[in-house]
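Okay, structure first, notes after.
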There are 2 protein chains.
Amino acid sequence: MRDPLSRTFAALADPTRRAMLARLSEGEANVSDLAEPFLKDMTLPAVTKHLKVLENAGLITKGRKAQWRPCQLNGEPLREAVDWMEQHRIAAEAQLDRLGAYLKAKTKGTRHGRK
Amino acid sequence: MRDPLSRTFAALADPTRRAMLARLSEGEANVSDLAEPFLKDMTLPAVTKHLKVLENAGLITKGRKAQWRPCQLNGEPLREAVDWMEQHRIAAEAQLDRLGAYLKAKTKGTRHGRK
DNA sequence: CGGTTAATTAACAAATCGGTTTTATAAATG
DNA sequence: CATTTATAAAACCGATTTGTTAATTAACCG
């Protein structure tokens, strides 16, 4: 059992699953629709498993319509993951800015730190 | 060998590694500084391995200063990952908006779709 | 009903992951 | 030079991941 953020990132750490999400970001699709681009590379049960990973991460929801399972993307976990990343990326860049300011101050007047 | 985006997401899919990045977003730190909060839970080699994962993903860079390895966060892979996520999250929400507009149009005037 | 279509489940194997202990390296320090 | 400090590398192990094939479920169609 893993925390939600870890499950989200783990789900995204696979190009097949990301391609499936990309496809779903253009609109609802059935399992076989989603599988189609990958059936040269893997079997249907493998696709089902990938979808299960995405579902467990809350990134997609599966409906049912007769024998079809229309899937749709849920953006919420993506938003939470982005929030985490932006928070720290921004902090890291602020660090760099402070370093830049420090270096600039340190070399002020020496006129040889330009590039 | 995995693509860069997959390596980034995989690196982020672990709370220990995320905590290390969070620490680094506040500024440079040595391996032992980064290890300190986790040494009740795991050994130092385990920490070294986590840092290797982050380094391979390009999320941190390790310098050297005598026997210390000052690490610092590199925001660039985070930015690329965020770009990917935002692109699809936004597309997904646009889908929802279109669906909402459709439902609204469809029930216009019928006065029985209220909750 | 019997067959077809869509998708899932089960059982299995190889590869990867996340930890361990032990050993090694490399620089500082007495 | 011998010791200590900071870190990495090697070998190993159990758990998880990612794929397979074969069997199963469930709904529709003639």
Side-chain angles (χ1 to χ4, degrees), chain A residues 1-21 23-24 27-73, chain B residues 1-21 23-24 27-73:
Chain A
M1 299 281 152
R2 250 193 308 196
D3 62 291
L5 210 41
S6 295
R7 247 180 280 144
T8 300
F9 283 126
L12 291 169
D14 181 288
T16 302
R17 288 193 293 261
R18 284 199 306 278
M20 289 168 168
L21 292 179
R23 167 69 184 73
L24 286 175
E28 196 173 276
N30 297 322
V31 172
S32 36
D33 300 332
L34 291 168
E36 189 267 324
F38 304 106
L39 292 181
K40 11 178 178 68
D41 304 323
M42 69 185 71
T43 60
L44 196 61
V47 168
T48 297
K49 282 194 180 186
H50 279 301
L51 289 174
K52 201 80 204 147
V53 172
L54 291 172
E55 201 178 4
N56 288 338
L59 283 162
I60 68 170
T61 53
K62 259 186 261 190
R64 36 173 62 205
K65 197 170 273 186
Q67 66 264 61
W68 294 273
R69 297 298 124 92
C71 304
Q72 59 180 52
L73 199 156
Chain B
M1 297 283 151
R2 250 191 309 196
D3 63 291
L5 209 43
S6 295
R7 247 179 282 146
T8 300
F9 283 127
L12 291 169
D14 181 290
T16 302
R17 289 195 292 261
R18 284 201 305 280
M20 289 169 168
L21 291 180
R23 168 69 183 75
L24 285 174
E28 196 175 276
N30 297 321
V31 172
S32 36
D33 299 333
L34 291 167
E36 189 267 324
F38 304 105
L39 292 181
K40 11 180 177 64
D41 304 321
M42 68 186 74
T43 61
L44 197 58
V47 169
T48 297
K49 279 195 180 185
H50 280 302
L51 289 174
K52 201 79 202 150
V53 172
L54 292 173
E55 201 180 4
N56 288 338
L59 284 162
I60 68 170
T61 54
K62 261 185 258 189
R64 35 173 63 205
K65 199 169 269 185
Q67 67 265 61
W68 293 273
R69 298 296 123 92
C71 304
Q72 60 180 52
L73 199 157

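Lettering follows sequence order; numbering is per chain, from 1.
With B:Ile60 as reference, B:Glu55 is the one residue of B:Met20, B:Lys52, B:Glu55 to meet the side chain to side chain contact (heavy atoms under 4.5 Å, CB included) rule.
Residues satisfying the side-chain contact (heavy atoms from CB on, under 4.5 Å) test with A:Ala46, not counting sequence neighbours, are A:Met42, A:Thr43.
Side-chain atoms of B:Asp3 come within 3.5 Å of backbone N or O of B:Ser6 as a donor-acceptor pair. No donor-acceptor pair closer than 3.5 Å links the side chain of B:Asn30 to the backbone N or O of B:Ser32. Looking only at distances, a side-chain donor or acceptor of A:Arg7 sits under 3.5 Å from a matching main-chain atom of A:Arg2. In this structure, B:Arg17 contributes its side chain and B:Leu12 its backbone to no donor-acceptor pair below 3.5 Å.
The separation between A:Asn56 atom CG and C:dT8 atom P is 12 Å, rounded to whole Å. With rounding to whole Å, A:Glu55 atom CD is found 13 Å from C:dA7 atom P. Taking atom NZ of A:Lys52 as the reference point, atom C1' of C:dA7 lies 11 Å away to the nearest angstrom. D:dA26 atom P lies 15 Å from atom NZ of A:Lys62, rounded to whole Å. Rounded to whole Å, atom P of D:dT5 lies 16 Å from atom CG of B:Asp33. In this structure, A:Asn30 atom CG and D:dC28 atom C1' are separated by 14 Å, rounded to whole Å.
Heavy atoms of A:Thr48 sit under 4.0 angstrom from at least one base atom.
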- What string of B, S and - do you get for nucleotides 18-30 of chain C, 5' to 3', if B is base contact, S is sugar-phosphate-only contact and - is no contact with any protein heavy atom under 4.0 Å? SBBBB----SS--
